[in-house]
Amino acid sequence: MSQTVDRALSILPLLAEGPADLGRVADRLGVHKSTALRLLRTLHEHGLVYRQSDQRYRLGARLFALAQEAVENLDIREIAHPHLVRLNEECGHTVHLAVYEENEVLYIDKVESRYPVRMYSRIGKPVAITVAAVAKLLLADLPEAERRALADKLDYPLYTPRSTPNAPAFLKELERVREQGWATDLGGHEESINCVGAPVRGTDGRVVAAMSVSAPNVVVTGDELLTLLPLVRRTAEAISREYSGRTTP
């Protein structure tokens, strides 16, 4: 039974490459055509494959519906939270998780620092979209036209001398973040707070959330915080693997 299931499931990655006829399926599986046909019929009955008029098989609509339903039922916060807690336990600093919704970047999870100095960020509160590391990560992943349209609409408050001053500077920063795959806020929102973040990606490689580590400079300097970047990125990658269902890096 396990061999039959394994063979049937092996057909799906083949058809993901494009439609295939019975002979190609049988060759890939290393079985007789009659065996391959039996497996294809079973998958067809469940809507997982579809037989075209040219007698070739392709992935069925039911498979896409199941995938979409699974994605919609994933809770990124629930998946990410244990990873955020472990990161907090390792570094001791405040850890955030944020998402982009309806032109705002919102914190959806927070693990507090173990140090006496606390940050005033709150779950459900919008972040400072033009300076926050998590915002840069989420917006950098938008299509270029959407990035430019958004940048033109934003206001650019000068929270500190390090704040992003205007749309051209913001777009340049987003391009840099997009290329390097991580982001910082070194005193851009509050002069005394530094932050480093990394993206969480879904099955299609798009950024679905962003996580960060933040700390006041009375605890660690910006340069010291940047030494945590490899740990932050590994945590984000671990969340991405679990969220997207990948078992290997």
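Residue Leu15 holds its CG atom at 9.5 Å from CZ of Arg28, rounded to the nearest 0.5 Å. Distance check, rounded to the nearest 0.5 Å: CG of Asp141 to CZ of Arg178 gives 6.0 Å. Separating the OG1 atom in Thr227 from the CG atom in Leu225 is a distance of 7.0 Å, to the nearest 0.5 Å. With rounding to the nearest 0.5 angstrom, the CG atom of Asn166 is 10.5 Å from the OG1 atom of Thr130. The line from CG of Asp152 to CZ of Phe170 is 11.5 Å long, rounded to the nearest 0.5 Å. Atom CD of residue Glu190 and atom OG of residue Ser214 lie 9.5 Å apart, to the nearest 0.5 angstrom.
Side chain of Ser10 to main chain of Asp6: a donor-acceptor pair is present (N/O by atom type, distance under 3.5 Å, no hydrogens or angles). Formation of a donor-acceptor pair under 3.5 Å by the Thr42 side chain with backbone atoms of Arg38 is found in this model. Looking at Thr221, its side chain never comes within 3.5 Å of a backbone N or O of Asn217 through a donor-acceptor pair. Judged by distance alone, the side chain of Ser113 and the main-chain N or O of Tyr115 form a donor-acceptor pair under 3.5 Å. Although no hydrogens or angles enter the test, the distance criterion places a donor-acceptor pair under 3.5 Å between the side chain of Asn88 and the main chain of Glu112.
Cluster membership check: Leu226 shares its hydrophobic cluster with Met211, using side-chain heavy-atom separations under 4.5 Å among Ile, Leu, Val, Met, Phe, Trp and Tyr. There is a path of hydrophobic side-chain contacts, each under 4.5 Å, that joins Val196 to Leu87. In this structure, Val99 is a member of the same hydrophobic cluster as Val95, with clusters built from ILVMFWY side-chain heavy atoms closer than 4.5 Å. Residues Val207 and Leu171 do not share a hydrophobic cluster, clusters being chains of Ile/Leu/Val/Met/Phe/Trp/Tyr side chains in contact below 4.5 Å. Transitive grouping of hydrophobic side chains (ILVMFWY, heavy atoms separated by less than 4.5 Å) keeps Val208 and Leu174 in distinct clusters.
When all heavy atoms of Glu104 and Pro126 are compared, the pair lying nearest together is OE2-CG, 3.8 Å. Heavy-atom minimum distance, Leu97 versus Ala209: CD1-CB, 4.0 Å. The two residues Asp75 and Arg77 come nearest to each other via the heavy atoms OD1-N, 3.0 Å. The shortest non-hydrogen separation linking Leu29 to Arg7 is CD2-O, 3.5 Å. In terms of heavy atoms, Val177 sits closest to Trp182 at CG1-O, 3.6 Å. Contact detail for Ala36 and Val25: the closest heavy-atom pair is CB-CG1, 4.2 Å.
Counting only heavy atoms from C-beta outward, the side chains of Glu175 and Arg147 approach each other to under 4.5 Å. The closest side-chain heavy-atom distance from Arg114 to His93 is not below 4.5 Å. Leu63 places none of its side-chain heavy atoms less than 4.5 Å from the side chain of Tyr50. Side-chain contact check for Ile108 versus Ile76: some heavy-atom pair is nearer than 4.5 Å. Counting heavy atoms from C-beta outward, Val49 and Leu12 have side chains that approach closer than 4.5 Å. You'll find the side chain of Leu231 reaches within 4.5 Å of the side chain of Arg234, heavy atoms only. Two residues are said to be in side-chain contact when any heavy atoms from C-beta on lie closer than 4.5 Å; Pro161 and Glu191 meet this criterion. Looking at Gln52 and Pro19, their side chains come closer than 4.5 Å, going by heavy atoms from C-beta outward.
Between Arg86 and Glu90 no salt bridge is recorded (no basic side-chain N to carboxylate O distance below 4.0 Å). Using a 4.0 Å cut-off between charged nitrogen and carboxylate oxygen, Glu173 and Lys136 count as a salt-bridge pair. Salt-bridge formation is not detected for the pair Arg206/Asp204: no Lys NZ or Arg NE/NH1/NH2 atom is positioned less than 4.0 Å from an Asp or Glu carboxylate oxygen. For Arg201 and Glu237, the salt-bridge test fails: no basic side-chain N is under 4.0 Å from an acidic carboxylate O.
Here the two rings, on His44 and Tyr57, have centers that are 6.0 Å apart or farther.
Remark: the Lys110 side chain and the Ser121 side chain contain an N/O donor-acceptor pair separated by less than 3.5 Å.
The aromatic rings of Tyr107 and His96 sit parallel, their planes meeting at an angle under 30°, below the 60° perpendicular limit.
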| task | Mind running side chain to side chain contact (heavy atoms under 4.5 Å, CB included) on Thr184 and Cys195 for me, showing each step along the way? | result | CA-CA 5 Å; Thr184 60; Cys195 178; over 6 Å; no

- Message: Could you go through Asn194 and Asp185, starting from their C-alpha distance and side-chain angles, then the distance that decides it, and tell me whether this counts as side chain to side chain contact (heavy atoms under 4.5 Å, CB included)?
- Response: CA-CA 6 Å; Asn194 298 306; Asp185 169 15; over 6 Å; no

- request: Take Glu144 and Arg148 through the test salt bridge (charged side-chain N to carboxylate O under 4.0 Å, His left out) and record every step on the way to the result.
  value: CA-CA 6 Å; Glu144 183 177 1; Arg148 290 188 175 278; 3.2 Å; yes

Candidate pair Leu48 and Leu59, rule side chain to side chain contact (heavy atoms under 4.5 Å, CB included), full reasoning: CA-CA 6 Å; Leu48 302 181; Leu59 294 178; over 6 Å; no

Start with the C-alpha distance between Thr94 and Val111, add both sets of side-chain angles, then the distance that settles side chain to side chain contact (heavy atoms under 4.5 Å, CB included), and finish with yes or no. CA-CA 6 Å; Thr94 301; Val111 184; over 6 Å; no

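Environment of CD in Glu17: crowded, with over 12 heavy atoms of neighbouring residues, nucleotides or ligands closer than 6.0 Å. Around the CZ atom of Arg162, the shell of radius 6.0 Å holds no more than 12 heavy atoms that belong to other residues, nucleotides or ligands.
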